[in-house]
Amino acid sequence: MQRSKLIIIPVVVLSMMLAIAAFLFHWTIDRIYVPEGQSLQLRYKGPLIFGQRIQAEPGMWAKEGQMGILEKMRGPGRHFYCPIWWERKLVDDVVIKPGEIGEVTCKLGKNQEGANFLVDGDIGHTEYKGVLRKVLHPGRYRVNPYGYTVEVKKRIDFTSGQSQKVAGWVEIPTGYVGVVTQLSDNQATGVKKGVQDKVLPPGNYPVNGREQQIDIVEIGYRHSTISVEVKHDELGETVVDENGEPQISDPRSGIAFPSADGFPIHIDFTGIWGLMPDQAAHAVRTFGNVDQVEKKVVLPQIESICRNNGSEYKAVQLLVGSDREVYQKTCLDQFHSVLDDKEITLLYGLVRHVYIPKQVREPIQRAFIADELKLTREEEQSTAKEEARLREAENKVELATDTVNADTEKQVEEAKAGGQREAAKIEAETEKLVAAIDKETEELKAQAVTILGEATNEGKKMVEESKSDRFRLAVDAFGSPQAYNNWFFATNLPENVELNFLYAGEGTLWTDMNKANGGFGVRGIIPLKSDSTTPTQQRPTR
């Protein structure tokens with residue numbers, strides 16, 4: 001028994017020491033703390049002595065029990081992994097700031113067939129190697145760097161042909177749209193490679209530059225002008241000839257063409273045109289960008305249409321008359337037709353100025369001035385005649401005005417007289433009614449006095465009758481006038497009166513008046529009957 005105790009105690013102590021050592025080892029060597037903003041990457045090294053060492057498939061994540069790096073990382077907090085079997089590594093989270101995107105490349109998985117290099121899916125849910133089609137938006141992400149690499153990018157500008165394209169964090173301002181060029185087919189959405197008809201409205205867009213490119217196209221109207229270069233003086237003012245026409249400094253500038261009669265003609269032309277949102281994709285697909293639309297379509301068509309139509313007119317026709325209006329309308333209609341076919345909107349096209357040679361312009365201007373002078377004289381004569389008619393009409397108006405004024409004054413005076421008569425009549429009737437009312441009022445006052453006197457007399461009579469009736473009722477109540485008088489006499493005596501009745505014999509009554517006890521006293525002696533032998537007892541009475 002003693003020997004068993006000696007064996008158990010060391011075993012218990014050893015067990016406790018081993019437990020404490022295991023606890024300390026677990027909380028010191030095994031424990032690893034992952035702070036905020038980081039994650040824990042784990043690689044399984046395999047069994048130390050016992051067990052089967054199974055390597056993960058090359059190019060794949062290690063599965064449960066396989067040696068290699070695990071796909072899932074552990075987040076912030078306390079974790080326990082023994083460094084004997086696990087390789088532990090802290091990895092910083094990927095942070096995408098506002099105005100940035102993250103392009104993700106998957107390094108593990110199957111190889112894709114064909115030329116397609118974009119991978120569908122999200123981080124942790126991919127099957128193939130390659131660039132993820134979906135980019136990371138601004139935020140914080142836990143990414144295992146063994147399987148994925150993230151390239152943070154802002155706006156990416158690059159040139160493709162003659163067009164400036166953007167990707168990455170794309171900002172489309174107000175007044176613009178984004179034309180999308182798809183670089184590869186997207187089987188998930190059915191989008192085909194090429195320029196897409198659907199455009200992006202103004203806003204912010206994260207765009208994967210490996211999948212899409214964006215052309216930012218201005219929407220709305222702009223003007224394109226072809227004008228002749230004229231001479232300017234030192235102050236910058238336009239130099240003109242004696243007729244006020246600008247002088248051309250470069251004969252090759254503007255739209256130049258020979259007229260039908262062989263004179264050199266120059267004109268200025270301005271076209272107001274633009275692209276609408278539904279036309280932007282076609283413009284990018286066909287011409288490249290808005291500048292190319294202007295260079296390849298608008299300006300060449302302006303020159304071609306104006307030259308071809310202008311060559312059919314003589315110089316005189318382009319200077320004055322209705323022929324110039326026809327020329328303007330013809331150029332505008334043809335310009336409309338050409339731009340409509342190319343899906344470009346034309347608001348207006350205007351021939352602003354026509355430069356005619358001086359030898360043609362001066363005779364025409366002199367003849368035109370003579371015609372204008374003739375028309376001016378004719379207009380002056382017509383004006384004089386109309387002025388005479390105007391004066392006559394003014395005199396008639398003045399006469400009619402005076403007549404109307406006189407008639408108006410007459411009507412006013414008549415109206416005043418009639419009003420005064422009516423007012424006097426109303427006043428007399430009013431006074432008559434007032435007198436009648438006053439008479440009736442006095443009669444009512446007299447009646448009131450009479451009624452008041454009668455009422456007063458009647459009231460006094462009723463009061464007196466009431467008093468008399470009261471005395472009659474009182475007498476009736478006491479039974480006789482003598483009893484009522486005695487009662488009235490007794491109730492009206494002063495409160496300090498004393499009555500003493502003294503016996504003095506039959507037939508004797510005398511009264512003694514004196515002052516007793518500060519008051520007025522009356523002493524009376526009432527005789528007794530003859531058969532009375534005992535005098536009455538004296539009783540004071542108040």
Side-chain angles (χ1 to χ4, degrees), residues 99-101 103 118 133 135 153-186 189 191-227 253-255 268-306 331-332 334-350:
E100 297 177 342
I101 65 166
E103 288 188 1
L118 294 176
R133 191 183 303 274
V135 298
K153 296 182 178 181
K154 297 183 178 180
R155 170 171 166 148
I156 307 169
D157 294 274
F158 52 90
T159 302
S160 177
Q162 296 180 338
S163 299
Q164 187 71 21
K165 300 182 181 295
V166 296
W169 186 260
V170 179
E171 298 181 4
I172 302 177
T174 303
Y176 293 78
V177 295
V179 178
V180 181
T181 300
Q182 191 77 16
L183 302 180
S184 63
D185 296 339
N186 189 338
T189 60
V191 177
K192 298 297 182 181
K193 180 179 179 181
V195 179
Q196 306 299 307
D197 292 330
K198 185 177 181 180
V199 298
L200 300 177
N204 297 328
Y205 301 90
V207 178
N208 190 340
R210 305 287 186 88
E211 180 188 20
Q212 295 176 339
Q213 296 175 352
I214 308 298
D215 286 85
I216 299 178
V217 179
E218 183 180 4
I219 298 301
Y221 292 104
R222 58 174 61 193
H223 72 87
S224 298
T225 299
I226 301 176
S227 58
S253 61
I255 302 174
D268 294 338
F269 188 93
T270 296
I272 308 298
W273 62 278
L275 296 175
M276 300 299 107
D278 58 340
Q279 299 171 334
H282 179 268
V284 172
R285 186 185 299 115
T286 307
F287 307 107
N289 54 34
V290 180
D291 293 336
Q292 295 301 316
V293 172
E294 184 178 32
K295 293 178 181 178
K296 295 179 180 179
V297 180
V298 177
L299 295 179
Q301 289 297 327
I302 289 175
E303 294 188 5
S304 175
I305 292 172
C306 291
C331 292
L332 180 59
Q334 292 184 8
F335 199 25
H336 256 300
S337 177
V338 171
L339 295 191
D340 289 343
D341 291 341
K342 299 183 181 298
E343 297 188 20
I344 303 171
T345 301
L346 176 65
L347 181 64
Y348 200 74
L350 177 65

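By convention here, the first residue in the shown sequence is residue 1.
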Handout entry: Taking every non-hydrogen atom, the tightest pair across Ile172 and Tyr176
Key = CG2-O, 3.6 Å

Practice task
To the nearest 0.5 Å, tell me how far Gln164 CD sits from Ile216 CD1.
Solution key: 9.5 Å

Problem - Pairs meeting criterion side chain to side chain donor-acceptor pair (under 3.5 Å) with involvement of residues 334-346, two or more places apart - result: Gln279-Thr345, Asn309-Gln334

Practice task
Take Trp273 and Val293, measure what side chain to side chain contact (heavy atoms under 4.5 Å, CB included) needs, and give me the verdict at the end.
Solution key: CA-CA 11 Å; Trp273 62 278; Val293 172; 3.8 Å; yes

Handout entry: Value rounded to 0.5 Å, distance of CD in Glu171 from CG in Asn204
Key = 5.0 Å

Practice task
With rounding to the nearest 0.5 Å, note down the distance linking CD1 in Ile226 to OG1 in Thr270.
Solution key: 9.0 Å

Exercise for the section: With sequence neighbours excluded, give me every salt bridge (charged side-chain N to carboxylate O under 4.0 Å, His left out) pair touching residues 156-165. Expected result: Arg155-Asp157, Lys165-Asp215

Exercise for the section: Identify the heavy atoms of Cys306 and Cys331 that sit nearest to each other, and give their distance. Expected result: CA-SG, 4.2 Å

Problem - Rounded distance (nearest 0.5 Å) linking atom CG of Leu346 with atom CG of Leu332 - result: 6.0 Å

Exercise for the section: Go through the steps for Val297 and Leu339 under the test side chain to side chain contact (heavy atoms under 4.5 Å, CB included), then give the verdict. Expected result: CA-CA 8 Å; Val297 180; Leu339 295 191; 3.7 Å; yes

Handout entry: Minimum heavy-atom distance between Ala283 and Leu275, given as atom pair plus value
Key = CB-CD1, 3.7 Å

Problem - Beyond-backbone contact of Tyr205 with Ile214, side-chain heavy atoms, under 4.5 angstrom - result: no

Practice task
Search all heavy atoms of Ser224 against all heavy atoms of Leu299 and return the closest pair with its distance.
Solution key: CB-CD2, 3.8 Å

Completion exercise
In Glu211, Gln196, Gln213, the residue satisfying side-chain hydrogen bond (donor to acceptor under 3.5 Å, both in side chains) with Gln182 is Glu211

Problem - Side-chain heavy atoms of Leu200 within contact of Val177, under 4.5 Å - result: no

Problem - Heavy-atom closest contact (Ser184 atom, Leu118 atom, distance) - result: OG-CD1, 3.2 Å

Problem - Test item: Ser163 side-chain N/O and Gly288 main-chain N/O as donor-acceptor pair under 3.5 Å - result: yes

Problem - Closest contact, heavy atoms only, Ala280 versus Val217 - result: CB-CG1, 4.2 Å

Exercise for the section: With rounding to the nearest 0.5 Å, note down the distance linking CH2 in Trp169 to CD in Glu100. Expected result: 10.0 Å

Problem - Student check: side-chain heavy atoms of Val135 and Lys153 closer than 4.5 Å - result: no

Exercise for the section: Output yes when a side-chain donor or acceptor of Thr286 lies under 3.5 Å from a complementary backbone atom of His282, and no otherwise. Expected result: yes

Completion exercise
Rounding to 0.5 Å, atoms CD1 (Ile302) and CZ (Phe269) come to a distance of 5.5 Å

Handout entry: Backbone of Arg133 reached by a side-chain donor or acceptor of Asn208 within 3.5 Å
Key = yes

Exercise for the section: Evaluate whether atom NZ of Lys296 has more than 12 neighbouring non-hydrogen atoms of other residues, nucleotides or ligands under 6.0 angstrom away. Expected result: yes

